[in-house]
Amino acid sequence: MGTRGVIGMPRVTNADIADVLDRLADLLELDNADQFRLRSYRRAAETVRGYPEELANLHAQRKLTTVPGIGKSLAEKIAEYLDTGQIGYLEELRAKYPEGVVEMLNIPGFGPRSAARVFQELHISSIAELEQAARAGRLRTLPGFGAKTEERLLHNIELYLQASERGLLADVLPVAKGLLAKLRALPEVAQAEIAGSVRRRRETVGDLDLLVTSEQPARVCEAFRGFEELVEVIAAGDTKVSARLESGRQVDLRVVPQESFGAALQYFTGSQQHNISVRYRANQKGLTINEYGVFVEEGDAKGDLVAGRDEEEVYAAIDLPWIPPELRENRGEIEAAEAGTLPALIEPGDIKGDLQVHTRYSDGHQSVREMAEAARALGYRFIGITDHSPSLYVAGGMTSDEVRWQHDEIVEANAEYEGQGVKFTVLHGLEADILPDGTIDIPEEVYQLFDYIVGSVHQGFTPDADRMTTRVVGAIESGLIDFVGHPTGRVLLKRDAYGLHLDAVLEAAASHDVALEINAFPNRLDLCDVDARRARDRGVRLTINTDSHDVAHLGFMQYGVYTARRGWIEAADVVNTWNLEDLRSWFRKRR
DNA sequence: GCCGTTTTCGGCCCGACTGTTTTCAGTCG
């Protein structure tokens, strides 16, 4: 932030712009701005983060205000940022509130009103100073702050400093399912579901939301508080419990009556922006929606309940079909639902095989045969073995001799399957390095043995987006590779994507009919949802693969499918949902 | 801040829990 947008500097991405808008919103909160004005900034940030077109391009065409939620004022600020790398208004606010005060907003239970007050009235401008003041009992001099507030604050500062970060979906989902099973086993519980971002299958999640229906909500809350997984109860009433897991992750349980289940599930699934749009739409129709149901609006009196038992009913009340949770990000799903153009999303069962799998020939843990058998057990029709090419020494890249031995093994396995009448095929692929000079690491003398080639970047990362783009586009145009593995190189919670001009990559992929991978490994999920959607919109084919290095990894396929669903992807867009014959003839086109 | 087949002004989603302010503001989701 702050220095982008200057000629010759890395291109400003939508994510950069979204970050700036969020930072503006943080500062405006401290400044006690009107809540609706604030919402405009937050909403715009979320829209921009998921927007399929680069705002930098739109700005060049003077079309920023075509983005929903961006009017004259925000367009000017975004334009200023794109042109100069700065926003005067943002700098003004920054001068007013030190960075340390903005950071206080991250402390649980300590919001903008509190942060602004301790700064203005006690001149506290960092979390360290805040902690000192609380210890010294100086905060209670402020009206509304008591000893208990100080005590809680100190505890919450500890929590923030331990940074209970977002977690990978694959780490949190099993925990959520475990808690769900325990809730379902309670005699007072009628129905229980996971809600929140976990249900929307976001790639990383913060809190965990659980929803239960019961006639005896207080008893359910009581029982939940006793779960051994909870190390601390943050807040607890008769219908709601907030607690913390040992990992530091917060869990929120809500209990509602059965007739409200659908309304509550819809509400607690979010996203917040999706719900705002849903409720606004309800208001337009003379209805009001809360977590207990859809009601006819009748002034101040509680109107008649018209829906709420299940989600279908809730959406039907506002004349929409049910919308899959993965799409509920306010990225056009409501408009698509209204127009009857929601995608028929890909499902895990559509996948017929995994096309990126490693064995002991490079850095995998098992043999070709063991991986094949594990894939068969999953009900697949084929598996593609793709060990590393020679230049990736660190990962045991194969020599040409090893490629031949592996090939013999695969031929033998296939012969055996055929002899037994088993409809299962092992494909021989290669994960070839796209080298820093743009060439692709394929041993020429064995090239003809491969059914297909995956091109991936593993070394020579550079922050120079132009050079990275040239490399990847060059690989696509070489005619040698069938798809690009983990195209942006990001590692969730660890490493950002190397800068890549995705538009150029998509254009090349579309015109050369090269697919892009959605790598299903839980810390990659690369392409991400938004990029996958952009690819699909450009007519680029996709493939979802686990990049397994162990039989246990084959089960990661579900996470790739979730990401694809969040990217509005249908089965036909994904080459490994095709029949083996169709897939093979697509591979052969290139040979 | 944005937005407009009821509006270019006046709307903008809604409720639970906490601490302390005896009627509510702040925070969160």
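Below, all heavy atoms of this structure are taken into account, side chains as well, without hydrogens, waters or symmetry copies. What you see is a predicted model, and the numbers here were worked out from it, not measured in a lab. Order of the sequence lines fixes the chain letters, A, B, ..., with proteins taken first and strands second; residue numbering starts at 1 for each chain.
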Quick one: is [X] getting a side-chain N or O under 4.0 Å of the [N] phosphate, OP1 or OP2?
X        : N      : answer
A:Asn283 : B:dC14 : yes
A:Thr149 : B:dT20 : yes
A:Tyr292 : B:dA16 : yes
A:Ser242 : B:dC28 : no
A:Lys240 : B:dG15 : no

Whole-angstrom distance between [N] and [M], as gauged at atom [atom1]:
N      : M      : atom1 : result
B:dA16 : B:dT20 : P     : 22 Å
B:dT18 : B:dT23 : C1'   : 15 Å
B:dG10 : B:dG15 : C1'   : 24 Å
B:dC12 : B:dT8  : C1'   : 16 Å
B:dC2  : B:dT6  : P     : 23 Å
B:dT5  : B:dG1  : C1'   : 24 Å
B:dC14 : B:dC9  : P     : 25 Å

Consider the side chain of [X], meaning its heavy atoms from C-beta on, and name the nucleotide among [options] that approaches it most closely.
X        : options                : result
A:Arg113 : B:dG1, B:dG26, B:dC14  : B:dG26
A:Asp252 : B:dT18, B:dT20, B:dG29 : B:dG29
A:Thr239 : B:dC17, B:dC2, B:dG15  : B:dC17
A:Tyr89  : B:dT18, B:dG15, B:dG1  : B:dG1

Please step through side-chain contact (heavy atoms from CB on, under 4.5 Å) for the pair A:Lys77 and A:Tyr89, ending with a clear verdict.
CA-CA 8 Å; A:Lys77 291 183 176 74; A:Tyr89 186 51; 3.4 Å; yes

Answer yes or no for A:Arg279 and A:Tyr267: cation-pi contact, defined as NZ/CZ to six-membered ring centre under 6.0 Å and angle to ring axis within 45°.
yes

Rounded to whole angstrom units, what separation is found between the [atom1] atom of [X] and the [atom2] atom of [N]?
X        : N      : atom1 : atom2 : result
A:Arg42  : B:dG1  : CZ    : P     : 14 Å
A:Ile87  : B:dG1  : CD1   : C1'   : 14 Å
A:His155 : B:dT27 : NE2   : P     : 18 Å
A:Ile107 : B:dT27 : CD1   : C1'   : 13 Å
A:Asp26  : B:dG1  : CG    : P     : 16 Å
A:Ile318 : B:dC14 : CD1   : C1'   : 15 Å
A:Ile78  : B:dC2  : CD1   : P     : 9 Å
A:Tyr280 : B:dC14 : OH    : P     : 12 Å

State whether a side-chain donor-acceptor pair under 3.5 Å links A:Glu203 with A:Tyr562.
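No.
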
Going from CZ on A:Arg138 to CD on A:Glu129, what distance comes out if it is rounded to the nearest 0.5 angstrom?
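One finds 8.5 Å between CZ of A:Arg138 and CD of A:Glu129.
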
What's the spacing between A:Arg566 CZ and A:Arg331 CZ if we round to 0.5 Å?
6.0 Å

With sugar-phosphate meaning primed atoms plus P, OP1 and OP2, does [X] contact a base, only sugar-phosphate, or nothing at under 4.0 Å between heavy atoms?
X        : value
A:Ala33  : nothing
A:Gly69  : sugar-phosphate
A:Arg254 : sugar-phosphate
A:Ala147 : sugar-phosphate
A:Asn156 : nothing
A:Leu38  : nothing
A:Ser277 : nothing
A:Pro112 : sugar-phosphate
A:Phe36  : base
A:Gln272 : base
A:Tyr267 : base

Would you kindly compare A:Lys72 and A:Ser114 by the position of their nearest DNA chain B nucleotide and give the one closer to the 5′ end?
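So the residue in question is A:Lys72.
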
Using heavy atoms to find the nearest nucleotide of DNA chain B for A:Gly146 and A:Asp34 separately, return the residue whose nucleotide is more 5′.
A:Asp34

Tell me, with the steps shown, if A:Phe227 and A:Leu183 meet side-chain contact (heavy atoms from CB on, under 4.5 Å).
CA-CA 9 Å; A:Phe227 281 12; A:Leu183 282 167; 4.1 Å; yes

Hunt down the Watson-Crick or G-U wobble partner of B:dT8, both distances under 3.5 Å, from any strand shown, or write none.
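By the stated definition (distances under 3.5 Å), nothing pairs with B:dT8.
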
Beyond-backbone contact of A:Arg538 with A:Asp503, side-chain heavy atoms, under 4.5 angstrom
yes

List the steps, then state whether side-chain contact (heavy atoms from CB on, under 4.5 Å) holds for A:Arg202 with A:Leu169.
CA-CA 7 Å; A:Arg202 277 191 60 174; A:Leu169 178 64; over 6 Å; no

